Amino acid sequence: MGKGGKGTEAAAAAGAGEEENMAAWLVAKNTLKIMPFKLPPLGPYDVRVRMKAVGICGSDVHYLREMRIAHFVVKEPMVIGHECAGVIEEVGSGVNHLAVGDRVALEPGISCWRCRHCKGGRYNLCEDMKFFATPPVHGSLANQIVHPGDLCFKLPDNVSLEEGAMCEPLSVGVHACRRADVGPEKGVLIMGAGPIGLVSLLAARAFGAPRVVIVDVDEHRLSVARSLGADAAVKVSTRAEDTGEEVERIRAAMGSDIDVSLDCAGFSKTMSTALEATRAGGKVCLVGMGHNEMTVPLTSAAIREVDVVGIFRYKDTWPLCLEFLRSGKIDVKPLITHRFGFSQKDVEEAFEVSARGRDAIKVMFNL
């Protein structure tokens with residue numbers, strides 16, 4: 001279990017004079033309950049944070065529906081949520097860079113800092129990662145949580161707590177742009193206009209991409225992408241047999257070579273489209289995880305020396321995300337489409353809205 005807290009039995013033993021900390025617990029398929037959540041003792045390098053803004057991620061919805069993602073299985077009740085920001089209420093004796101009252105965005109993963117990945121600077125690949133709301137680690141949809149101080153980043157004065165919580169999904173787009181070497185001379189194709197596709201669009205722009213084309217099956221999502229600055233938006237089908245014709249339309253929409261493609265959906269068809277559309281010598285980054293297995297034209301990509309890379313979460317992205325938000329290079333506020341409080345009814349309704357999709361991009365709790 002990570003720093004977040006202890007289970008309900010420990011919570012029941014809390015002292016009579018203590019404020020009861022409450023959290024949203026995933027207790028069974030399609031069942032969330034607000035129940036007590038006892039915090040662990042504050043370590044010297046920890047901080048206690050009062051949560052103020054927590055977003056719902058697609059992975060949260062998936063855990064609610066299936067109680068698992070890949071080999072991560074929810075075997076006992078787990079606090080949900082990992083996109084978050086709040087206010088420092090207590091600092092450990094060894095924390096010098098934060099003070100009570102500071103507004104912070106939280107990076108949700110605690111790596112070991114001992115393995116070869118951590119020592120090599122790729123801590124996102126740590127096999128002993130303790131990540132909010134990834135079983136058996138509790139998440140952050142709670143009144144208060146305890147977290148390492150070095151994973152809490154002070155918000156600039158002009159950045160809201162909701163924007164701070166958006167640093168988590170935005171970090172995925174930033175990490176993808178770094179992995180794909182997006183820059184001022186790279187035309188970028190984005191497959192998928194869901195939340196991650198849209199933050200990847202914003203990140204690509206901030207990295208200097210001169211032209212960005214985005215592709216989706218949903219016209220509403222494409223209209224949102226246009227409003228966020230996509231140069232062109234191409235509606236496609238789900239039929240594999242349409243790929244060839246769609247690749248031609250996508251190339252025409254770009255008007256020049258597609259140097260980089262970010263597949264933010266992760267299906268066989270979207271990856272095939274990205275591989276076929278990207279120029280010889282270009283790069284494709286797999287961001288989304290729609291399918292565990294795919295059938296894609298790798299031979300065709302290989303003979304054109306199209307590089308294929310993947311991403312897993314992110315590393316060292318919060319400082320850059322906050323600078324993008326502070327400077328105005330990125331505005332995530334239009335992505336927050338729905339807001340809820342923190343009652344049992346609010347939690348249930350918020351997850352229903354997020355799961356429904358349609359006009360919901362980012363659903364946010366205000367605690």
Side-chain angles (χ1 to χ4, degrees), residues 58 172-173 176-177 179-183 185-205 207 209-311 335 357-359 361:
V172 177
C177 286
R179 287 277 287 159
D181 299 320
V182 173
E185 297 181 347
K186 304 288 181 67
V188 177
L189 167 65
I190 296 176
M191 302 299 300
I196 295 302
L198 295 175
V199 293
S200 296
L201 161 64
L202 296 175
R205 277 290 191 231
F207 274 79
R211 188 163 177 84
V212 181
V213 173
I214 195 163
V215 172
D216 202 279
V217 299
D218 184 85
E219 183 56 46
H220 174 71
R221 290 293 174 93
L222 291 174
S223 68
V224 173
R226 292 186 192 97
S227 72
L228 293 174
D231 293 289
V234 179
K235 186 176 181 181
V236 296
S237 75
T238 59
R239 298 185 299 272
E241 57 268 28
D242 295 337
T243 301
E245 179 269 332
E246 290 169 355
V247 165
E248 293 305 312
R249 287 198 286 121
I250 291 166
R251 286 174 174 165
M254 180 64 75
S256 59
D257 282 340
I258 296 171
D259 302 291
V260 172
S261 291
L262 308 178
D263 181 2
C264 297
F267 296 102
S268 292
K269 187 183 181 228
T270 55
M271 193 62 175
S272 295
T273 302
L275 289 168
E276 290 296 317
T278 303
R279 68 166 174 82
K283 185 171 289 190
V284 173
C285 181
L286 177 58
V287 182
M289 298 182 181
H291 283 161
N292 287 333
E293 296 182 0
M294 300 182 187
T295 300
V296 297
L298 277 182
T299 302
S300 171
I303 61 176
R304 292 182 295 117
E305 293 194 358
V306 174
D307 293 337
V308 179
V309 298
I311 69 162
L335 299 181
R358 300 177 191 168
D359 62 335
I361 299 174

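Predicted model, so just to flag it, every value in this text is computed and none were measured. Atoms considered below: every heavy atom in the structure, side chains included; atoms not considered: hydrogens, waters and symmetry mates.
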With Lys283, which of Asp181, Asp259, Asp307 fulfils side-chain hydrogen bond (donor to acceptor under 3.5 Å, both in side chains)?
Asp181

4.5 Å side-chain heavy-atom contact, Thr273 and Val247
yes

Are the side chain of Asp231 and the backbone of Val212 linked by a donor-acceptor contact shorter than 3.5 Å?
yes

So, does Arg211 use its side chain to make a donor-acceptor pair with the main chain of Ala253 at under 3.5 Å?
yes

Among Val215, Asp216, Val217, side chain to side chain contact (heavy atoms under 4.5 Å, CB included) partner for Leu222:
Asp216

Working to the nearest 0.5 Å, report the span between OG1 of Thr270 and CD1 of Ile190.
13.0 Å

Could you check whether atom CD of Glu241 has more than 12 heavy atoms from other residues, nucleotides or ligands sitting under 6.0 Å from it?
yes

Considering all heavy atoms, the nearest Arg304-Glu276 contact
NH2-CA, 3.8 Å

Closest non-hydrogen contact found for Gly266 with Met294 is O-CE, 3.1 Å

Value rounded to 0.5 Å, distance of CD in Glu185 from CG in Asp257
12.5 Å

If you apply the rule side chain to side chain contact (heavy atoms under 4.5 Å, CB included), what do you find for Met191 with Ser261, and how did you get there?
CA-CA 7 Å; Met191 302 299 300; Ser261 291; 5.5 Å; no

If I take atom OG from residue Ser237 and atom CG from residue Asp242, how far apart are they, to the nearest 0.5 angstrom?
3.5 Å

Looking only at heavy atoms, the pair that brings Ala301 and Leu275 closest together is CB-CD2, 3.9 Å

Is any side-chain heavy atom of Ile250 closer than 4.5 Å to one of Ile258?
yes

Mind checking whether Arg251 and Met254 have side chains closer than 4.5 Å, heavy atoms only?
no

Distance col, row Leu198:CG vs Arg221:CZ, nearest 0.5 angstrom, shows 7.0 Å

Roughly how far, to the nearest 0.5 Å, is the OG1 atom of Thr295 from the NZ atom of Lys269?
15.0 Å

Closest non-hydrogen atom pair between Val182 and Ala209, with its separation
CG1-CB, 4.0 Å

What do the steps show when you test Cys285 against Ile311 for side chain to side chain contact (heavy atoms under 4.5 Å, CB included), and what is the final call?
CA-CA 7 Å; Cys285 181; Ile311 69 162; 3.5 Å; yes

Taking side chain as C-beta onward, heavy atoms only, is Arg179 less than 4.5 Å from Val287?
no

What is the distance from atom SG of Cys264 to atom CG of Leu201, rounded to the nearest 0.5 Å?
9.5 Å

Of all heavy-atom pairs between Ile214 and Gly197, which one has the smallest distance, and what is that distance?
CD1-O, 4.1 Å

Heavy-atom side-chain contact between Ser268 and His291 under 4.5 Å
yes

When you compare the side chain of Pro297 with that of Met271, does any pair of heavy atoms fall below 4.5 Å?
no

Of all heavy-atom pairs between Ala180 and Leu262, which one has the smallest distance, and what is that distance?
CB-CD2, 3.8 Å

Do Leu335 and Leu202 come within less than 4.5 Å of each other through their side chains, counting heavy atoms only?
yes

